[in-house]
Amino acid sequence: MFRHLHSDINAVFENDPAARSRFEVVFTYSGLHAIWAHRIAHQFFRKGWFTLARIISQFSRFMTGIEIHPGATIGERLFIDHGMGIVIGETCEIGDDVVIYQGVTLGGTGKEKGKRHPTIGNNVVIGSGAKVLGSFRVGDNSNIGSNAVVLREVPDNCTVVGNPGRVVRRNGERVGDRLDHKQLPDPVIEMFREMQKEIDGLKSELEKLREPVAGGEKRT
């Protein structure tokens with residue numbers, strides 16, 4: 001347990017340049033508090049003390065805004081940054097050195113029994129607001145873009161963006177013509193651009209109709 005505590009604190013310093021001291025990290029980082037509460041709840045859950053485990057996880061949820069089911073399995077050095085709104089399901093498995101930002105959901109897609117939540121590999125980054133839903137694996141060293149909705153397996157070393165989530169980069173090479181998670185297109189701006197293209201086309205057609213024809217008359 002104490003080995004986990006030490007590595008969890010180190011993960012904060014490795015991922016957050018705003019961290020100034022161990023005292024500050026231990027007493028003010030809600031993501032760290034949620035992870036520690038989960039480690040305690042998970043031990044009770046494994047021993048069959050399900051109600052006590054849920055009470056601990058719900059108290060942690062109330063205090064931190066981060067909901068981690070006590071049945072979830074979490075690896076070493078998980079870093080939760082600005083974790084408000086994060087939900088991690090019961091059968092979710094998270095590897096080592098994972099970074100999760102606020103508003104992320106690692107959930108299921110229905111009422112099926114058994115394994116119904118995702119397995120997150122090692123060195124994965126999951127951006128703000130992303131939803132990873134279903135029983136599949138997100139490969140090692142992959143990045144999930146902000147607000148992406150991932151519904152299928154992600155290979156190792158990939159970047160996924162969009163809704164539904166699509167692989168746009170694999171092993172450092174771009175796949176297709178989509179941008180990576182740091183350059184997500186704004187759907188509202190794209191919609192206005194398409195509208196402007198249509199307006200320009202209509203204006204061009206109107207100008208052609210108003211051009212003078214032979215004899216000096218204008219088309220009507």
Side-chain angles (χ1 to χ4, degrees), residues 15-18 65-67 79-89 92 94 98-112 116-220:
N15 290 282
D16 188 0
I66 300 167
E67 182 174 345
F79 176 59
I80 295 176
D81 193 17
H82 302 290
M84 180 64 69
I86 286 176
V87 177
I88 300 175
C92 185
I94 299 176
V98 172
V99 177
I100 301 177
Y101 291 93
Q102 70 269 24
V104 166
T105 298
L106 305 179
T109 57
K111 298 181 180 180
E112 65 274 12
R116 59 191 183 278
H117 300 105
T119 296
I120 308 300
N122 301 322
N123 301 300
V124 173
V125 177
I126 307 177
S128 303
K131 314 299 178 188
V132 185
L133 307 175
S135 178
F136 55 84
R137 186 174 186 274
V138 175
D140 297 344
N141 309 308
S142 290
N143 296 323
I144 307 300
S146 298
N147 296 313
V149 179
V150 184
L151 302 173
R152 63 183 64 182
E153 184 162 338
V154 178
D156 295 347
N157 308 306
C158 287
T159 297
V160 177
V161 301
N163 180 8
R166 298 184 181 179
V167 174
V168 296
R169 194 176 293 274
R170 185 171 185 178
N171 296 319
E173 299 294 330
R174 180 170 293 181
V175 177
D177 56 358
R178 288 178 176 265
L179 299 174
D180 64 31
H181 72 291
K182 295 180 180 178
Q183 297 175 310
L184 286 174
D186 187 321
V188 176
I189 292 177
E190 292 299 321
M191 179 183 67
F192 279 117
R193 285 175 179 167
E194 291 299 321
M195 292 175 61
Q196 186 62 51
K197 288 180 181 179
E198 292 183 12
I199 292 171
D200 291 342
L202 291 172
K203 284 183 177 180
S204 177
E205 293 295 327
L206 288 173
E207 289 298 327
K208 290 179 181 179
L209 291 174
R210 298 171 66 179
E211 289 176 358
V213 295
E217 297 180 357
K218 291 185 177 180
R219 297 176 181 174
T220 58

**Report entry** Contacts of type side chain to side chain donor-acceptor pair (under 3.5 Å), residue Asn122, not counting sequence neighbours
**Finding:** none

Query - Pro164 vs Val149 side-chain heavy atoms within contact, under 4.5 Å - result: no

Query - Qualifying salt bridge (charged side-chain N to carboxylate O under 4.0 Å, His left out) pairs, either residue in residues 118-134, two or more places apart - result: none

**Report entry** salt bridge (charged side-chain N to carboxylate O under 4.0 Å, His left out) involving Arg137 - partner list, sequence neighbours excluded
**Finding:** Asp140, Asp156

Query raised in the report: What closest approach, in Å, do Pro118 and Gly107 show between heavy atoms, and which atom pair accounts for it?
Result: CD-O, 3.4 Å

**Report entry** Thr105 vs Ile86 side-chain heavy atoms within contact, under 4.5 Å
**Finding:** no

Query - Separation of His117 NE2 from Ile88 CD1 (nearest 0.5 Å) - result: 10.5 Å

Query raised in the report: Closest heavy-atom contact between Ala148 and Val160?
Result: CB-O, 4.2 Å

**Report entry** Note, Ile144 side chain near Val161 side chain (heavy atom, < 4.5 Å)
**Finding:** no

Report task. Give the C-alpha distance, both sets of side-chain angles, the deciding distance and a yes or no for side chain to side chain contact (heavy atoms under 4.5 Å, CB included) between Leu106 and Ile100. Result -> CA-CA 10 Å; Leu106 305 179; Ile100 301 177; 4.2 Å; yes

Report task. May I ask you to test the Ile80-Tyr101 pair for a side-chain heavy-atom distance under 4.5 Å? Result -> no

Query raised in the report: Of all residues at least two apart in sequence or in a different chain, which pass the side chain to side chain donor-acceptor pair (under 3.5 Å) check with Arg170?
Result: none

Atom pairs and distances, donor-acceptor, side-chain atoms in residues 123-130, under 3.5 Å, two or more places apart:
residue, atom, partner, partner atom, Å
Asn123, ND2, Asn141, OD1, 3.4
Ser128, OG, Gln102, OE1, 3.4

Query raised in the report: Atom OG in Ser142, atom CD in Glu153: separation rounded to 0.5 Å?
Result: 10.0 Å

Determine all donor-acceptor pairs shorter than 3.5 Å in which one atom belongs to a side chain in residues 196-204; sequence neighbours excluded.
residue, atom, partner, partner atom, Å
Gln196, NE2, Asp200, OD1, 3.0

Query raised in the report: Can you find a pair of side-chain heavy atoms, one from Val98 and one from Phe79, that are under 4.5 Å apart?
Result: no

Query raised in the report: Who passes side chain to side chain donor-acceptor pair (under 3.5 Å) against Ser135, sequence neighbours left out?
Result: none

